[in-house]
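One structure is given here, and the rest of the page talks about it.
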Amino acid sequence: MSDQAQLILWLIPGAPLLAAGIIALLGKLFLGERSHVPCVAALAIAFGCSLVLLTKIVPTTFVSGLTSEAKVEADKQISFQPTDEQVITPQRGAIAKGYTFLDIGTMQVRVDLRADAIAAIMLAMVTGVSLLVAIFASGYMHGDPGYPRFFAAVSLFVFSMCMLVLSGNYIQLFAFWEAVGLCSYLLIGFWFKKPAAAAAAKKAFVVNRIGDFGLITGVFQIWKTFGSVDFQRVLFNPELIQKINEQHPGTIPTICLLLFIGAMGKSAQFPLHVWLPDAMEGPTPVSALIHAATMVTAGVYLVARSTPLFMMAPNVQLFVAGIGATTALISALIALTQYDLKRVMAYSTVSQLGFMFMALGAAAAGPKFANFAIMAAMFHLFTHAYFKALLFLASGSVMHSMGDVIDMRRFSGLRHVLPITHWTFLCGALALAGFPLLAGFWSKDDILAALAEGMHSSHGQFFTVIFAVAVLTALLTAFYTFRAYFMTFWGPEKFPEEAGHHPHDAPPAMAWPLRILAIFAIGVGFVGPLHLFSGYFEHTPGLPAAQEHGFHLGLMILSAFIALGGIAVAYKWYIKSPEIPAKLESGLRPLYALSQGKFFFDEIFTAIVVAPIRLIATICALFDKYILDGVVDSFGALPGFLSQAPRRLHGGLTPAYAATMLIAAIGCVVCVMQLFAGQ
């Protein structure tokens, strides 16, 4: 790869890192309210370089587009020959050499940047969405005393996510996996004086540590099994994977399960989903970053990247699909009764991530369908980033104009007062609901198609249930999305006291990102039916050979009816007959309380996890204070106690001296008598 291409590859994470350093050093003293400038400029550079990587650099590494000499050079990098049953596309990707990070015994870990089709798609999405969020934040966060700190953390966040995607080995991936978690902690708890924000940051950090334990254990097992953590040896060597799977049948499934536990924590899958809805306690641009472009997408990317391993563990893939379906349905049921607009969007994110994992699990149908299933998951991740960022930023615009009030029961009829926010939110809501021809319609239809393929495999009954859950969840998604839309923007005009007499729409710095994201929410899905996404994605190394997949007209019609049906029910209940929800609430009180109480997962976790740990911590603290400290203090007090005897014997009193002499004389007499008696 040319020096210019390597420079472009390093600029993608390097520019945000440089911006983070500049803002951290100069933000408070010199930049002040201009602290967003280095961040926005760096993200613009990273986005431009990502587009060059996507359109110019990575395509030249495709074998089909190489010269004969380049093909020979590429083949030297590949130490395997594809089999007939599972053909692996032998691209080596764009690689920028770095340095040796770890060299201990047989383990050598380098920090290099490796980009192929899946990485290039991820980087273009991450940097593009992050750029728009940063521009929006320059208006949203204006006047905040922590303005420089915010943009320094955002820059570091994007740097960490880019390095995670560009990792060429599991150790490097894990290092930046943790860096992403650290940045999320800093940003969720940005308003650290707010108790709810501080608690949400700690909750996210602790819950993710549970998943991260699984991930680091899986990475250790990879090194122990393969003697390496490098993707080139672990993922792109099917003969070695097949050999290990035959000689040690349970090893690769164990590795895959451990990796998925890590993904469950980062991508908020049941039962480790409880941290993500609370993450919206941070500033709204942070919510958009975490829920759309960074953090939660890392788990989906990890499983997709590790496809060659998961293909050898079909039972784990079924588990992935089952967890995804459970998460999607539970989160959708909770979203039905929430009144916090951002919390509705948060549970929607958890549910949509469940859809992605359902698709990833559908690869268990066999190598013939695996490429399409993985592509469907990544396509939905791609489209979801745009319309979910739009929905969160539009919700932030509502919150900004309503004086930080986000309870939908306290405002309504905002479509005339906030016209820009209204129509952009509507575009995002239609895309999320799967309205025909919008972004979410195409990607969700591909997931349903992947699950339908699974119904014709040896796991047909299992995928029939998963497909039914996906259809039901899609219907609920359309309903709760437009429930939030109608409650916020329709009905009589009503504003909270905190909004003042004349609520204002989004200023230009906030409005333009909303407009651009709305355009993407409408049109970006067309890269699917035009085969631009799948045609590019199939060049990802490690994926089984792509199979021809045409339009699924029946599923498209079903998807359209699901979306329109959910919207129609929401319109009927919240516009035409608003008394219906109140009647259902009173008639289904136990179920309503279960949904509004978030199925009491927080309380369950507190009872079975938090309370026992607190009890153990209390016992340890008491043992430390009264037992260990008592023993240590006793040893410390012993010299002082012993030093009191000479002081009492030499106090300057004649009777004491006489008594001492008498005792000593008696002692000497006794010793002499015993000595003579012994002779």
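FYI, the numbering just counts along the sequence from 1. All values derive from a computational prediction rather than experimental measurement.
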Close side-chain approach of M312 and I244, heavy atoms under 4.5 Å: no
Closest non-hydrogen atom pair between F236 and P541, with its separation: CE2-O, 3.5 Å
Regarding D230 and R233, does a basic nitrogen lie under 4.0 Å from an acidic carboxylate oxygen? no
Got H384 and M356 here, is their nearest side-chain heavy-atom distance under 4.5 Å? yes
Could you tabulate the donor-acceptor pairs under 3.5 Å formed by side-chain atoms of residues 273-284, not counting sequence neighbours?
from: W275; atom 1: NE1; to: G265; atom 2: O; distance (Å): 2.9
from: D278; atom 1: OD1; to: R343; atom 2: NH1; distance (Å): 3.2
from: D278; atom 1: OD2; to: K203; atom 2: NZ; distance (Å): 2.7
from: E281; atom 1: OE1; to: K194; atom 2: NZ; distance (Å): 3.2
from: T284; atom 1: OG1; to: Y140; atom 2: OH; distance (Å): 3.1
from: T284; atom 1: OG1; to: K342; atom 2: NZ; distance (Å): 3.1

Got a sec, which pairs hit salt bridge (Lys or Arg N to Asp or Glu O under 4.0 Å) with one end in residues 290-317, sequence neighbours left out? D116-R305
Distance check, rounded to the nearest 0.5 Å: T464 atom OG1 versus M455 atom CE? 4.0 Å
How many angstroms lie between atom CG of D445 and atom OG of S559, to the nearest 0.5 angstrom? 4.5 Å
Is there a side-chain contact (heavy atoms from CB on, under 4.5 Å) between D446 and W442? Walk through the geometry before answering. CA-CA 6 Å; D446 277 351; W442 298 109; 5.8 Å; no
Side-chain heavy-atom pair M358, F467 within 4.5 angstrom cut-off: no
What do you reckon, are the aromatic ring centroids of F176 and F159 less than 6.0 Å apart? yes
For the side chain of Q172 and the backbone of D112, is there at least one donor-acceptor N/O pair under 3.5 Å apart? yes
Classify the ring geometry of F382 against F533: parallel below 30°, tilted from 30° to 60°, perpendicular beyond 60°. tilted
Is it the case that more than 12 heavy atoms not belonging to F600 sit under 6.0 Å from its CZ atom? yes
Donor on one side chain, acceptor on other, S331 and S351, under 3.5 Å: no
Reported CG-to-CD1 distance for the pair L272 and I323, which is rounded to 0.5 angstrom: 9.0 Å
Heavy-atom side-chain contact between L9 and L166 under 4.5 Å: yes
Tell me whether S457 contacts the main-chain N or O of G454 through its side chain, where contact means a donor paired with an acceptor under 3.5 Å. yes
Are the side chain of T307 and the backbone of L543 linked by a donor-acceptor contact shorter than 3.5 Å? no
Do we get K444 above F355's six-membered ring, with its NZ or CZ under 6.0 Å from the centre and within 45° of the axis? yes
Take Y536 and V58 through the side-chain contact (heavy atoms from CB on, under 4.5 Å) test and state the conclusion after the steps. CA-CA 10 Å; Y536 191 93; V58 168; 3.5 Å; yes
What closest approach, in Å, do W10 and P13 show between heavy atoms, and which atom pair accounts for it? O-CD, 3.2 Å
Look only at the side chain of T327 and the backbone of F270, and say whether a donor-acceptor pair between them is shorter than 3.5 Å. yes
Run the ring pair (Phe, Tyr, Trp, His ring centres under 6.0 Å) test on F357 and F260 for me, step by step, so that the C-alpha distance in whole Å, both residues' side-chain angles and the decisive distance to 0.1 Å come before the verdict. CA-CA 10 Å; F357 281 105; F260 179 59; 5.6 Å; yes
Quick one: closest heavy-atom pair of F136 and P513, and the distance? N-CG, 3.8 Å
With sequence neighbours excluded, give me every salt bridge (Lys or Arg N to Asp or Glu O under 4.0 Å) pair touching residues 255-266. none
Side chains of L353 and V296: closer than 4.5 Å at any heavy-atom pair? yes
Rounded to the nearest 0.5 Å, how far apart are CZ of F310 and CG of L302? 6.5 Å
So F150 and L187, side-chain contact (heavy atoms from CB on, under 4.5 Å) or not? Walk me through it. CA-CA 7 Å; F150 176 84; L187 287 169; 4.1 Å; yes
When every non-hydrogen atom of A134 is compared with those of L43, the smallest separation belongs to CB-CD1, 3.7 Å
Rounded to the nearest 0.5 Å, how far does OG of S287 lie from CE of M295? 12.0 Å
Heavy atoms from other residues, nucleotides or ligands near CZ of F174 exceed 12 (cutoff 6.0 Å): yes
Using every non-hydrogen atom in the two residues, find where F462 and G322 come nearest and quote the distance to one decimal. CZ-N, 3.9 Å
Measure the shortest side-chain to side-chain distance between S155 and L17 over non-hydrogen atoms and say whether it is less than 4.5 angstrom. no
Can you find a pair of side-chain heavy atoms, one from F601 and one from I330, that are under 4.5 Å apart? yes
Measure the acute angle between the ring planes of F220 and W223, then classify it against the limits of 30° and 60° as parallel, tilted or perpendicular. tilted
Indicate, with yes or no, if the rings of F231 and Y170 have centres closer together than 6.0 Å. yes
Take a 6.0 Å sphere around CZ of F226 and say whether it holds more than 12 heavy atoms from other residues, nucleotides or ligands. yes
Under the 3.5 angstrom rule, does the side chain of T540 hit a backbone N or O of F537 as a donor-acceptor pair? yes
Student check: side-chain heavy atoms of L432 and L438 closer than 4.5 Å: no
Q221 side-chain N/O to T217 backbone N/O, donor-acceptor pair under 3.5 Å: no
Given 3.5 Å as the limit, does a donor-acceptor pair link the side chain of Q269 with the main chain of S267, or not? yes
May I ask you to decide if L164's main-chain N or O and S167's side chain share a donor-acceptor pair within less than 3.5 Å? yes
Go through the steps for E178 and R209 under the test side-chain contact (heavy atoms from CB on, under 4.5 Å), then give the verdict. CA-CA 9 Å; E178 293 300 306; R209 297 291 73 72; 3.1 Å; yes
To the nearest 0.5 Å, tell me how far S595 OG sits from L336 CG. 5.5 Å
Measure across A470 and L451 and return the closest heavy-atom pair with its distance rounded to 0.1 Å. CB-CD1, 3.7 Å
